[in-house]
Structures are given as structure tokens and as C-alpha cells.
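Worksheet: one structure, shown below.
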Amino acid sequence: MKHFSIACLLVAIVIAIPVGIFGKAILELLDVVNQKQAPTSKPDPIAQKSLAFPVKAWHSVEGFDQNLAVMETVFWDPRDTESLRQLIDVSDSLQGKSVLEIGTGSGLLSLCCLKAGADRVVATDVNPAAIENTKYNSRRFKFCDRLDARLVPLEEPTAYSVVKPEEKFDLIISNPPWVNGKPETIEEYVLYDENFGLLKSVFEGLEDHLNPNGRVWMTYGRTDAIKAIHELAKTHQFELIPRDSRELSQLPEEFFPGFVIEIRKKLLAPKEAAKPEPVN
Ligand SMILES: C[S@@+](CC[C@H](N)C(=O)[O-])C[C@H]1O[C@@H](n2cnc3c(N)ncnc32)[C@H](O)[C@@H]1O
């Protein structure tokens, strides 16, 4: 019996040492294999062990050399942002810039901005899984030192609720919820923005959070939401520039990819800017 116990102990040591030494390497190797695999809805066992929210799928995205993780309840439909990502890619104006992304989901757009040379990105979302997802993807792509992901409290889901009063950005981007409706679950926040409250709050804080030459790129795939942007821009005196060659009036009520609209401060006409102060 004694010999049997000693034999068991020796076997355990012989197995445990290599597993201990090589275990980490094997896990890393599995992770690499996982990253390279085609998009799948099969959950990743390693991610599930170390993360509060399980990975639902891995997706390959053009321009990224590894797959992106997308966690349970987090939005994934890259068709929404095709035009916006193209604009980010071809734009050399992101070099050294500060960016705020409102409603980051998996972090896809924020990562595109960092890849395009942005200096720092603040990414917000109401969904805790989206925040963990964005942090996770930023670690995978080695951008975590330049990306600050912040959870927006559901009690105050406005555009700048987790932005400090003095914080300003060169670029604000968003692929926000498009439909005017009330979200009932955290997953429904990807779709619904009640009375376009989030969109309104973007405009209300722009003066305070946009740098003087800053701009906003928003993408929408619904004509009613784009009409709401036009109204808000008029009210708040911002200029709208369509960054899309499609004719809005020719588009159906809902469409893909999202239509990119640039919002920026109205440039004063030279005459208006040089107007003398009224004399009393
Ligand atoms: C259509 S998804 C876009 C996600 C990601 N940007 C993308 O394009 O893949 C909209 C995102 O906005 C988030 N969201 C909704 N309301 C929000 C709010 N008030 N503040 C911050 N994020 C919000 C949702 O949770 C969701 O992740």
C-alpha cells in the first residue's frame, strides 16, 4: 500500500511539473489558435474562465490581424460602421488626436481610431459587458495604455455623464442606437434611444467638450434619426456635413451601411466675424 502511494505521488509529480511549466504556454497557444479561427459562435473556454462576461463569438475584421472578441449581450454588426471605418482609415487627421466614442460595444471603432494614430480614446457604454469587451480587445491589440473605457450609469445615460467637466476632444464618434423607443433590457440599448435623448445630449454638451477645431462623426441607418440630427443642429447652431455620397432622399427608412454625418461648429462668415461691437 505504502509503495502504491509513493508510486501515485511520483506519477502526480511527473505529470504536474510539465503541466505547470507548459500549461501557460499551452493556454497562450490555444489563444493564438482561437484568434486565427474563422468567425464562430462557439464560446472561447479561456476567455470564459478569466472574464466576467463570456465571449460569444470571434470575428475577423478587415485591417485587423487578429479576430475581435464579442461578448454576450454586446452588439455586433459591422455593416453599421463600414462607411465610418473607411473614413477613419483614410483620414490622416487622427494622428495625435483625442477621441471620445459614445456607445463603444466591442470597442471596434475605438480600436480603428487608435490604429489610425489617435493619441488617446475615451470609450463609453451603458452595458458593463461592452466595457469589459472593449478593455479585453484593447489588451489583445496592445492599445490598453491609450484607451480608457468607462461605464455610463443607467441613472444618467447622457453623452457626457462620465466625461469630466474640463475634458475636451478633437473628435467625437458614435454609432448610437438608431430607433426612437424605450429600451427594456441592457441588450435593447443597442437599438433604442428614447425620444432621441442620447442624441440630444450629444448636442447639449458639444460646446463644452469639443475642441475649437473639433468635429463629430455619427453614423445612422435611419432617416428619421437623421432628420432629428438636422433639427438639433439648427437649434444648437452647428453645421452638418454629409460624409456620404448617397442621396438621403433616395434611401429607405432603414438602410446599411450607416450614413456618416459630420457635425462641427458653424464657421462665421468673414463679414459676421469682423462685425464691430455695437456702440452704446
Ligand atoms: C449600435 S451599438 C454600436 C456599438 C459599436 N460602437 C459598434 O459600432 O459596433 C450602440 C451602443 O451604444 C450603447 N449605448 C446605448 N445607449 C447609451 C448611452 N446612453 N451611453 C453610452 N452608450 C450607450 C449600447 O449599449 C451599444 O453598445
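All ligand and atom numbering here is 1-based and tracks the order in the structure.
Neither the backbone nor the side chain of Leu108 has any atom closer than 4.0 Å to an atom of ligand 1 (non-hydrogen atoms only). If you look at Pro157 next to ligand 1, the close heavy atoms, those under 4.0 Å, come from the backbone and the side chain alike.
Under the 4.5 Å side-chain heavy-atom criterion for Ile, Leu, Val, Met, Phe, Trp and Tyr, Ile102 and Val152 are members of distinct hydrophobic clusters.
Between Arg120 and Glu167 there is a salt bridge, with a side-chain nitrogen of the basic residue lying less than 4.0 Å from a carboxylate oxygen of the acidic one. Ion pairing between Lys265 and Glu207 holds under the 4.0 Å rule for side-chain N and carboxylate O.
Assignment of Thr81 to the shell around ligand 1 is supported, since a heavy atom sits closer than 4.0 Å. Put simply, part of Pro177 is less than 4.0 Å from ligand 1, judged by heavy atoms.
At the shortest separation from atom 12 (O) of ligand 1 among protein heavy atoms lies Gly103 CA, 3.3 Å. Nearest to atom 15 (C) of ligand 1 among the protein's heavy atoms is Tyr189 O, 3.1 Å. When hydrogens are left out, the protein atom nearest atom 25 (O) of ligand 1 is Asp125 OD1, 2.6 Å; that is the closest non-hydrogen contact. With respect to atom 20 (N) of ligand 1, the closest heavy atom belonging to the protein is Val126 CG1, 3.8 Å. Nearest non-hydrogen protein atom to atom 5 (C) of ligand 1 is Thr104 O, 3.3 Å. Annotation: atom 9 (O) of ligand 1 to nearest protein heavy atom, Phe75 CD2, 3.4 Å.
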Exercise. Determine, step by step, whether Glu262 and Arg215 satisfy the salt bridge (charged side-chain N to carboxylate O under 4.0 Å, His left out) criterion, reporting the C-alpha distance in whole Å, the side-chain angles of both residues, the deciding distance to 0.1 Å, and the verdict.
Key: CA-CA 7 Å; Glu262 180 169 313; Arg215 55 185 134 175; 3.5 Å; yes
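The distance criterion of under 3.5 Å between nitrogen or oxygen atoms is not met by Thr124 with respect to ligand 1.
With Asn133, Asn175, Asp193 as candidates, the residue nearest to atom 10 (C) of ligand 1 on a non-hydrogen basis is Asn175.
A donor-acceptor contact under 3.5 angstrom links the side chains of Thr104 and Glu101, judged on distance only. Using modelled atom types and a 3.5 Å distance limit, the side chains of Asn127 and Thr73 yield a donor-acceptor pair.
Within ligand 1, counting atoms from 1 as listed, the ones closer than 4.0 Å to a heavy atom of Glu101 are 6 (N). Which parts of ligand 1 touch Leu198 is read off a 4.0 Å heavy-atom cut-off, strictly below it: atoms 16 (N), 17 (C), 18 (C), 19 (N).
In this structure, Phe143 CZ and Cys113 SG are separated by 10.5 Å, a value rounded to the nearest 0.5 Å.
Relative ring orientation between Phe256 and Trp178 is described as tilted, the plane-to-plane angle lying within the 30° to 60° band.
Atom CD of Glu253 has 12 or fewer neighbouring heavy atoms from other residues, nucleotides or ligands inside a 6.0 Å radius.
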